Amino acid sequence: MNDDQTAIQIRDLNKFYGPFHALRDVNLRVRNGERIVLCGPSGSGKSTLIRCVNRLETHQSGSISVLGTELDDDVDNIDAIRRETGMVFQHFNLFPHLTILENCTLAPVLVRKSSRKEAETVAMHFLDKVKIPEQAHKFPGELSGGQQQRVAIARALCMKPRIMLFDEPTSALDPEMISEVLDVIVTLAREGMTMVCVTHEMGFARQASDRVIFMAQGEIVEEAPPAEFFSNPKHERTRAFLGQILGH
Ligand code: ADP
């Protein structure tokens with residue numbers, strides 16, 4: 001069912017919130033090292049889809065496997081998948097009462113059983129990578145939104161995930177902070193991190209993705225490499241969305 005090339009395999013996935021059908025027969029295979037941008041109108045199920053991948057939401061039918069592990073009710077499987085998938089949220093979700101360094105070392109110490117010293121070394125490595133090592137001893141509330149989001153990325157990387165899931169990582173940021181966060185994600189993309197990024201940043205999609213997937217009303221409507229997706233969208237709904245978002 002799985003092979004070394006496949007990071008995420010989703011088959012015939014259906015997800016309901018009560019009577020509301022949020023994901024409809026979604027099929028998606030993400031290859032190792034592939035960079036996917038998920039776009040589409042608000043409410044189309046993008047966030048729900050990536051939240052299903054690490055079981056922040058449960059699906060009702062169909063299957064998801066991540067790096068060969070089937071996502072079912074087995075808590076060992078869920079834990080294994082969560083260890084391999086870093087997640088970055090729109091609203092950062094840092095622990096406000098912990099310093100930046102403590103935010104970054106908490107999970108490695110508790111979950112990966114790293115020593116504190118080792119976890120701090122790794123944390124400083126990734127804080128350096130997201131270009132804010134000097135903020136390590138501050139609290140999240142003392143940082144700008146762009147800095148907090150870079151901490152959230154560093155925190156996820158400290159768990160050494162093989163896949164990164166980004167849920168609109170720049171949409172809560174002031175415009176002048178968007179590029180500092182996207183630059184970090186572009187660097188990760190260039191280094192070959194497997195990633196699925198929900199975003200409206202079409203410049204990022206062009207620059208850093210291998211495939212753009214357009215969702216509407218819980219379905220994958222269209223997918224293509226960015227050059228093709230932007231120059232030759234096939235479906236009317238995709239054209240309407242791009243017209244709206246790109247302003248033509
Ligand atoms: P997107 O990320 O594309 O904006 P979402 O995945 O957040 O879309 O939401 C898809 C649909 O599911 C929306 O109609 C939303 O209102 C609904 N939805 C999302 N989360 C919940 C929830 N916890 N309970 C009920 N409905 C939800």
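For the single chain, residues carry numbers from 1 onward in sequence order. Order of appearance sets the numbers: ligands from 1, and atoms from 1 within every ligand. Quick caveat, the model's predicted, so the values are computed rather than measured.
Relative orientation of the F214 and F241 rings is tilted, given thresholds of 30° and 60° on the angle between their planes.
The T48 neighbourhood of ligand 1 comprises atoms 5 (P), 6 (O), 9 (O), 10 (C), with distances under 4.0 Å to a heavy atom of that residue. Taking every non-hydrogen atom of S44 and a distance limit under 4.0 Å, the qualifying atoms of ligand 1 come out as 1 (P), 3 (O), 8 (O). Listed by number with element, the atoms of ligand 1 under 4.0 angstrom from any heavy atom of P41 are 3 (O).
Residue G18 places no heavy atom under 4.0 Å from ligand 1.
Considering backbone and side-chain atoms alike, A22 places every N or O at 3.5 Å or more from each N or O of ligand 1. Considering backbone and side-chain atoms alike, E57 places every N or O at 3.5 Å or more from each N or O of ligand 1. Taking any N or O of K46, backbone or side chain, at least one lies under 3.5 Å from an N or O belonging to ligand 1. At a 3.5 angstrom cut-off on N or O pairs, F20 does not count as close to ligand 1.
The one candidate from H59, Q60, H21 that meets the side chain to side chain donor-acceptor pair (under 3.5 Å) condition with N14 is H21. Here the rule is side chain to side chain contact (heavy atoms under 4.5 Å, CB included) with V196, and of L165, T85, D167 only L165 fits it.
Scored by the side-chain contact (heavy atoms from CB on, under 4.5 Å) test, F95 finds H97, L98, N103, L106, R155 as partners (sequence neighbours excluded).
Distance check on atom 16 (O) of ligand 1: every protein heavy atom falls at or beyond the 4.0 Å cut-off.
Among all heavy-atom pairs drawn from M215 and P41, the shortest one is O-CD, 3.2 Å.
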